[in-house]
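What follows is a single structure, written as structure tokens, with notes after it.
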Number of protein chains: 2
Amino acid sequence: MELTLSHFLPYRLNRISEAVSNEMRAIYKQRHGLNRPEWRVLAALADLERSTATEVGAHSTQHKTKVSRAVFALEKRRWLKRQTDPQDRRSEYLTLTDAGRKAYRELAAPLLAREERILARLSDQDRNAVEQALSALETALDITPDGAPPDAPA
Amino acid sequence: MELTLSHFLPYRLNRISEAVSNEMRAIYKQRHGLNRPEWRVLAALADLERSTATEVGAHSTQHKTKVSRAVFALEKRRWLKRQTDPQDRRSEYLTLTDAGRKAYRELAAPLLAREERILARLSDQDRNAVEQALSALETALDITPDGAPPDAPA
DNA sequence: TAATGACAGTCCTTTTTGTAACTAACAACC
DNA sequence: GGTTGTTAGTTACAAAAAGGACTGTCATTA
């Protein structure tokens with residue numbers, strides 16, 4: 001029963017995650033001045049096409065206040081448009097504009113390239129281990145690919 | 001060339017890291033009202049015994065301003081003592097007091113238990129994959145176990 | 001021993017985040 | 001059709017993080 005920081009799961013995860021995130025942030029910050037919530041909303045909307053802020057939050061694992069602020073920022077850039085749902089006027093549908101989609105594509109390419117550059121330093125075996133580890137942890141932590149628990153526990 | 005958030009390495013890492021960290025934070029926050037920098041300094045000092053703020057920062061991968069504030073907070077609780085190095089009066093040696101070591105031990109147990117509880121949900125194979133993945137990523141990202149680059153690049 | 005540059009640690013200012021309260025809209029129930 | 005409870009999204013406030021500038025100390029060199 002020994003706790004050494006450098007062997008402690010959360011510490012290691014955090015350091016790795018932060019290192020990777022920082023590389024990415026440099027890209028979307030430098031090119032378009034985006035912060036992470038904004039980038040995530042952009043990516044989420046590219047994934048989801050047309051959806052509400054709540055859905056975007058679920059899909060990108062972000063609190064609704066972050067989403068709200070990010071949506072506002074992206075709207076100001078005219079990268080997305082809102083449209084209140086006539087059926088339920090509380091919620092608004094969000095869609096990327098052409099400019100938004102263009103910005104997303106311009107960002108996706110270098111971000112993926114950077115991801116690939118990191119993974120390229122790993123052996124095939126290590127890459128497999130990474131995939132297996134991430135999937136296993138996601139399951140163990142009840143984090144499904146798009147943010148909802150795998151099946152609702154009673 | 002497809003960027004889907006749920007398959008994107010930094011996103012997955014971040015979500016996992018955050019989920020695990022949150023579980024831990026609940027423990028050291030609830031029991032002793034610590035925040036992460038404070039907990040990390042405590043753990044680093046438990047690892048290192050007697051060392052300077054700079055060393056603690058390197059060992060726990062934290063910016064010196066965070067370390068500075070955390071040291072102040074822990075000092076106020078009388079969990080650590082400072083001692084300016086007579087050889088170099090810029091730096092101060094930090095050591096945990098008995099109370100500090102006691103608090104550390106009281107925290108280490110439940111934190112390790114929580115870590116174990118998470119890992120217990122994984123198969124042996126998955127656990128191995130996690131270990132292999134973390135090590136491989138640490139290497140690929142030039143993050144050595146205690147925060148210094150593996151060997152200084154020219 | 002003055003000048004330059006590096007380093008340890010702190011302080012101060014600006015962003016970002018998290019939390020909780022709030023508004024508006026809906027739904028269910030009586 | 002009023003009451004109660006829930007949900008979508010925003011706003012306002014408080015806590016935390018990030019970053020840079022600053023102070024004091026040391027080392028090097030002239």
Side-chain angles (χ1 to χ4, degrees), chain A residues 14-15 17-19 21-22 24-26 28-30 33-41 44-45 48 50-76 80-95 147-148, chain B residues 14-15 17-19 21-26 28-30 33-41 44-45 48 50-76 80-94 147-148:
Chain A
N14 176 74
R15 287 208 319 169
S17 168
E18 205 166 72
S21 281
N22 284 343
M24 301 302 168
R25 185 178 47 147
Y28 53 65
K29 172 157 192 188
Q30 189 185 0
L34 292 181
N35 59 25
R36 185 159 68 189
E38 286 157 12
W39 149 248
R40 277 203 190 171
V41 166
L45 279 174
L48 297 172
R50 168 194 169 85
S51 51
T52 68
T54 302
E55 289 166 341
V56 168
H59 190 75
S60 62
T61 333
Q62 297 190 109
H63 191 76
K64 56 183 182 174
T65 60
K66 270 192 201 168
V67 175
S68 174
R69 285 187 271 251
V71 165
F72 179 75
L74 295 180
E75 188 187 27
K76 219 168 44 180
L80 64 78
K81 269 203 305 242
R82 314 192 195 215
Q83 204 174 4
T84 61
D85 178 358
Q87 252 64 51
D88 181 346
R89 298 208 315 288
R90 288 172 301 180
S91 50
E92 334 179 84
Y93 286 112
L94 306 173
T95 43
Chain B
N14 177 75
R15 288 208 318 169
S17 166
E18 207 167 71
S21 281
N22 283 344
E23 295 202 27
M24 301 301 168
R25 187 178 46 149
Y28 53 66
K29 172 159 191 187
Q30 190 186 1
L34 292 181
N35 59 24
R36 187 160 65 188
E38 287 157 12
W39 150 248
R40 277 200 189 173
V41 166
L45 279 175
L48 297 173
R50 168 193 171 85
S51 52
T52 68
T54 303
E55 288 166 341
V56 168
H59 190 73
S60 62
T61 332
Q62 298 190 108
H63 190 76
K64 56 183 183 173
T65 61
K66 272 192 201 166
V67 175
S68 174
R69 283 186 274 257
V71 165
F72 179 75
L74 295 181
E75 187 186 26
K76 219 168 43 179
L80 64 77
K81 269 204 305 246
R82 314 192 195 214
Q83 202 172 6
T84 61
D85 179 357
Q87 252 65 52
D88 182 346
R89 298 210 313 287
R90 287 173 300 181
S91 49
E92 336 181 82
Y93 285 113
L94 306 172

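Residue numbering restarts at 1 for every chain, and letters A, B, ... go by the order of the sequence lines. Just so you know, these numbers use all the heavy atoms, side chains as well, and skip hydrogens, waters and symmetry mates. These figures come from a predicted structure and were not determined experimentally.
- Contact annotation: side chain of A:R90 to base of D:dT7, donor-acceptor pair present below 3.5 Å.
- Note on A:R36: nothing from the nucleic acid sits closer than 4.0 angstrom, heavy atoms only.
- Heavy-atom nearest nucleotides on DNA chain C were determined for A:D85 and for B:Y93, and the one closer to the 5' end corresponds to B:Y93.
- Taking a 4.0 Å limit (strictly below) on heavy-atom distances, residues 62-72 of chain B reaches DNA chain C at B:K64, B:T65, B:S68, B:R69.
- For A:E55 and A:E18, each mapped to the nucleotide of DNA chain D holding its nearest heavy atom, the one lying further toward the 5' end belongs to A:E55.
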**OP:** Begin from the C-alpha positions of A:D85 and A:R89 and carry the test side-chain contact (heavy atoms from CB on, under 4.5 Å) through to its verdict.
**Re:** CA-CA 5 Å; A:D85 178 358; A:R89 298 208 315 288; over 6 Å; no
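- Across the protein-nucleic acid pair, B:R82 atom CZ and D:dG24 atom P stand 16 Å apart, rounded to whole Å.
- Side-chain contact between A:R36 and B:N14 is present, with heavy atoms from C-beta onward closer than 4.5 Å.
- Following rounding to the nearest Å, B:E92 (CD) and C:dC7 (C1') show an atom-to-atom distance of 14 Å.
- Put simply, NZ on B:K29 is 12 Å from C1' on C:dT17, counting in whole angstrom units.
- For the pair B:L74 CG and C:dG9 C1', the interatomic distance rounds to 16 Å; values are reported in whole Å.
- Put simply, B:R89 has no side-chain N or O that comes within less than 4.0 Å of OP1 or OP2 on D:dG24.
- Between A:K76 atom NZ and D:dT10 atom P the separation is 14 Å, expressed in whole Å.
- In this structure, the side chain of A:S68 does not engage the main chain of A:K64 through any donor-acceptor pair within 3.5 Å.
- In terms of the salt bridge (charged side-chain N to carboxylate O under 4.0 Å, His left out) criterion, residue partners of A:R90 (sequence neighbours excluded) are, by chain and number, A:D88.
- Using a cutoff of 4.0 Å between basic side-chain nitrogens and carboxylate oxygens, A:R82 and A:E75 are scored as salt-bridged.
- Among the protein residues, B:R25 comes within range of no part of the nucleic acid, since none of its heavy atoms lies under 4.0 Å from any strand.
- Side chains of B:Q62 and B:V41 form a contact here, defined as non-hydrogen atoms less than 4.5 Å apart.
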